[in-house]
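First comes the structure, then the notes that go with it.
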Amino acid sequence: MTNGTENKEPAKKSNFIHLQIEQDLKDNKNNGRVHTRFPPEPNGYLHIGHAKSICLNFGIAEKFGGKCNLRFDDTNPTKEEMEYVDSIMKDVRWLGFDWEDRLFYASDYFGKLYDFAVQLINEGKAYVDDQGAETISQQKGTPTRPGMESPFRDRSSEENLDLFQRMAAGEFDEGARVLRAKIDMASPNMHMRDPIIYRIMKAHHHRTGGKWQVYPMYDFAHGQSDYWEGITHSVCTLEFEVHRPLYNWFIDQLIEGDYRPRQVEFARLNLTYTVMSKRRLLELVKEGYVNGWDDPRMPTISGLRRRGYTPESIRSFSDRIGVTKVDGMIDVSLLEYSVRDHLNKTAQRVMGVLNPMKVIITNYPEGQEEEHDAINNPEDPEMGSRKVSFSRELYIEQEDFMEDPPRKFFRLALGREVRLRYAYFITCNDVIKDKDGNITELHCTYDPASRGGNSPDGRKVKATLHWVSVKHAVKAEVRLYDRLFNDEDPGGHKDVDFKEFLNPDSLNVLPECFIEPFVSDAKPLDNFQFERLGYFNLDFDSTPGKPVFNRTVPLRDSWTKEQNK
RNA sequence: UGACCUGUGGUGUAAUUGGCAACACGUCUGAUUCUGGAUCAGAAGAGUCCAGGUUCGAGCCCUGGCAGGUCAACCA
């Protein structure tokens, strides 16, 4: 990450976690050190909610001159894969953050964790339970009723140690026994009711292979990993709030000296019209409702990247939404605002026609062509200009012509004059139709004196249209995306599966669009503004002769708004 | 019938030790414009979940309610 001064992004908003850290610093906790970590489980791709956490954690390190680790929470070999590890590292880097040499895995600590478990056994604070999952669960009680103690709770340390070692040696079947912390079966906090800390799993682990037959549970690995890495502020989401006493209990058993990590919880991100759980996203991918984790309709980092979102836009979004403990729902329009805001300032402008309507300039000589200057980005003069080719046959947007224009429609109509951007004023004289009455082309005349787009007599037109020259344009496929779900909170209905709310029109492929040849040199992910339409970027599916564009987001559109009134 | 957490315009966040509820998005006007974009100017919209209390003064403190969320995986 760039350091402070050269960073043009606005100063980061403060939040309650920053305030707590400032207080900790005042109290000289942990000798004034600030060290965070981003701890994903490699069981899926990262999504925009993780981006919030990444920005928060790395942002804290940046703000307080501390460090932020990347740590994979890989304690469940049945769900975790190398593919996910790779994608996560790629996404974090793409977002603009750097863990330097601090890449860790919970599996790095399997040895220490095992030793710690042995220590707890020796201290009489952990025991092997021979009961099955169902029995243990029943004995656990309910949130409103205390649990009851396991008949194996008071085994001797020797027996526990022997059993645990044999568990680790693979002597028992999966599920046959577990190691539990001996805390309090009557605790009002379910997590303190002798939580399971080790289970037998004979699965192959993506890093340790077949070395282990027992794996630590999340609660037994996370805080300890924090401790061994010197983490000072262990930032996680709200659902772990009730785990905090357990987190602290393990730290208490481990602690020597003054240093102590502290868990702080914040509200995870919820966005309207999408789902944000890895389970649901995985379901969409596995069952083919979308085309992979990086489908541009997905709220994954890889999906947003492919869709044309920039790291800057995601970071500014993340800053804009803030950090609190209120479990709310952010309007996607805020995300869309963030990309528009960034792309408006940075994206190359280009003209492209999505739904072509042929226009013949009847008074323009056949075979003649010429070039006009076009500004690359009016928001950034340094981006310069380019030439666009003009000729007798052009395409304009179908929606830019109406035979029977309503009062506030300013664009082309029979007998009306409009401007072709950077080129000429044209007037429509004739509408050509086929047998069925469909308009096939428009006959227009141009005013040679308006070359460049202005008439010397000061004549005004109410509309400027984008266009391309038929002869020069590049044919492209354009993919238009709409929200993946029709419901604001598809995952929030108790009796209806979220997939019921899938938007059947979330993908609209336009196979025959025409774009000015400037885009021929584009590389995948390059962002453009197609003037008057929106922001688009080149997709990986492009082939040399056939570019494919994704619409990132349309431009704000006060005309559609007017129509909807 | 439990524990923990959270309630501020439509949405998201602010509000120094209690001191006129602020900002962003969205919405609506108007100006401007070779993008019905951008930009600029302005407006509407909450009296802070409710009821008490302390105080000269409460969104901030106290009491009691109410509402929502989380917790009963050998998941994280």
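Here the structure is a predicted model, which means the values were calculated and not measured. Letters go in sequence order (proteins before strands), and every chain restarts at 1.
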Which nucleotide wins on minimum distance to the side chain of [X], given the candidates [options]?
X: A:Gln529; options: B:U35, B:C25, B:A76; value: B:U35
X: A:Ala133; options: B:A76, B:C75, B:C74; value: B:C74
X: A:Arg349; options: B:A14, B:C74, B:G37; value: B:G37
X: A:Leu334; options: B:C28, B:C25, B:U35; value: B:C25
X: A:Lys561; options: B:C75, B:C28, B:U35; value: B:C28
X: A:Thr324; options: B:A14, B:C75, B:G36; value: B:A14
X: A:Lys79; options: B:U11, B:A73, B:G36; value: B:A73

What is the distance, rounded to the nearest whole Å, between atom [atom1] of [X] and atom [atom2] of [N]?
X: A:Asn15; N: B:U13; atom1: CG; atom2: P; result: 11 Å
X: A:Tyr273; N: B:U11; atom1: OH; atom2: P; result: 13 Å
X: A:Arg37; N: B:A76; atom1: CZ; atom2: P; result: 15 Å
X: A:Leu269; N: B:G12; atom1: CG; atom2: P; result: 11 Å
X: A:Asn564; N: B:G36; atom1: CG; atom2: P; result: 17 Å
X: A:Asn377; N: B:G37; atom1: CG; atom2: P; result: 16 Å
X: A:Arg268; N: B:A76; atom1: CZ; atom2: C1'; result: 10 Å

For [X], answer base if it contacts any base atom (sugar-phosphate contacts may also be present), sugar-phosphate if it contacts only those atoms, and nothing otherwise; contact means non-hydrogen atoms under 4.0 Å.
X: A:Ser187; value: nothing
X: A:Glu41; value: sugar-phosphate
X: A:Met329; value: sugar-phosphate
X: A:Tyr422; value: base
X: A:Arg556; value: sugar-phosphate
X: A:Pro378; value: base
X: A:Gly147; value: nothing

Gap in Å between the two [atom1] atoms, one belonging to [N] and one to [M], rounded:
N: B:G19; M: B:C66; atom1: P; answer: 30 Å
N: B:C23; M: B:G64; atom1: C1'; answer: 34 Å
N: B:C62; M: B:C75; atom1: C1'; answer: 42 Å
N: B:A38; M: B:A22; atom1: C1'; answer: 26 Å
N: B:G30; M: B:G36; atom1: C1'; answer: 15 Å
N: B:A15; M: B:C71; atom1: C1'; answer: 33 Å

State which residues pass ring pair (Phe, Tyr, Trp, His ring centres under 6.0 Å) with [X]; sequence neighbours excluded, sorted by chain then number.
X: A:Tyr273; value: none
X: A:Phe401; value: none
X: A:His204; value: none

Checklist entry - Taking 4.0 angstrom as the limit, do A:Lys13 and A:Asp319 come out as a salt bridge? => result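 Result for this pair is no, no salt bridge flagged.
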Checklist entry - Where do A:Gln263 and A:Glu265 land on the side-chain hydrogen bond (donor to acceptor under 3.5 Å, both in side chains) test, with the steps shown first? => result CA-CA 7 Å; A:Gln263 179 179 304; A:Glu265 310 86 9; 3.0 Å; yes
Checklist entry - Is there a donor-acceptor pair closer than 3.5 Å between any side-chain N or O of A:Thr142 and the backbone N or O of A:Thr144? => result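 A pair under 3.5 Å: yes.
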Checklist entry - Are A:Trp228 and A:Phe104 near enough that their ring centres are under 6.0 Å apart? => result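 Distance test on ring centres: not under 6.0 Å, no.
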Going by side chain to side chain donor-acceptor pair (under 3.5 Å), name the residues that satisfy it together with [X], two or more places apart in sequence or in a different chain.
X: A:Gln23; value: A:Asp27
X: A:Glu516; value: A:Arg386
X: A:Glu41; value: A:Asn43

Next on the checklist: Name the residue from A:Phe72, A:Phe110, A:Trp212 that meets the ring pair (Phe, Tyr, Trp, His ring centres under 6.0 Å) definition with A:His205.
Outcome noted: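 Output: one option passes, namely A:Phe110.
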Checklist outcome for this item: In B/S/- notation (B base, S sugar-phosphate only, - none; protein heavy atoms under 4.0 Å), nucleotides 1-7 of chain B written 5' to 3' is BBS-SSS
Any [X] side-chain N or O less than 4.0 Å from OP1/OP2 of [N]:
X: A:Arg419; N: B:U33; answer: no
X: A:Ser137; N: B:C74; answer: no
X: A:Arg193; N: B:A72; answer: no
X: A:Arg199; N: B:C75; answer: yes
X: A:Thr78; N: B:C75; answer: no

Next on the checklist: Using side-chain heavy atoms (C-beta onward) and a distance below 4.5 Å, is A:Met351 in contact with A:Arg421?
Outcome noted: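 Answer yes - side chains close enough.
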Checklist entry - For A:Tyr218 and B:A76, do the ring centres fall under 5.5 Å apart while the planes stay under 30° apart? => result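 It does not: the two rings, one from A:Tyr218 and one from B:A76, miss the stacking criterion.
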With a 3.5 Å cut-off and sequence neighbours excluded, list the donor-acceptor pairs that the side chains of residues 323-330 of chain A form with protein atoms.
unit_1   : atom_1 : unit_2   : atom_2 : d
A:Thr324 : OG1    : A:Val326 : N      : 3.2
A:Lys325 : NZ     : A:Glu241 : OE2    : 2.5
A:Asp327 : OD1    : A:Asn270 : ND2    : 3.0

Item to check | RNA chain B: 5'-proximal contact among A:Asp341 and A:Val323 (nearest heavy atom) | outcome: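 The answer here is A:Val323.
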Checklist entry - Closer to the 5' end of RNA chain B via nearest nucleotide, is it A:Arg411 or A:Asp129? => result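 The residue closer to the strand's 5' end, by nearest nucleotide, is A:Arg411.
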Checklist entry - Given pairs defined as Watson-Crick or G-U wobble with both distances under 3.5 Å, what dot-bracket annotation applies to RNA chain B, with ( ) intrastrand, [ ] crossing, | other strand and . unpaired? => result .((((((..((((.....[..)))).(((((.......))))).....(((((..]....))))))))))).....
Next on the checklist: Quick test of your reading: applying ring pair (Phe, Tyr, Trp, His ring centres under 6.0 Å), list the pairs with at least one residue in residues 164-194 of chain A, sequence neighbours left out, ordered by first then second residue.
Outcome noted: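 Output for this query lists A:Tyr114-A:Phe164, A:Phe164-A:Tyr198, A:His191-A:His243.
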Item to check | Assigned glycosidic conformation for B:G9 [threshold 90° from 0] | outcome: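 Here the answer is anti: the torsion falls beyond 90° from 0.
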Checklist entry - Contacts to RNA chain B from residues 170-183 of chain A, heavy-atom cutoff under 4.0 Å, which residues? => result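 By residue number: A:Gly175, A:Val178.
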Next on the checklist: Tell me which pairs pass salt bridge (charged side-chain N to carboxylate O under 4.0 Å, His left out) where either residue lies in residues 372-382 of chain A, with sequence neighbours left out.
Outcome noted: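 Those involving residues 372-382 of chain A are A:Asp373-A:Lys387.
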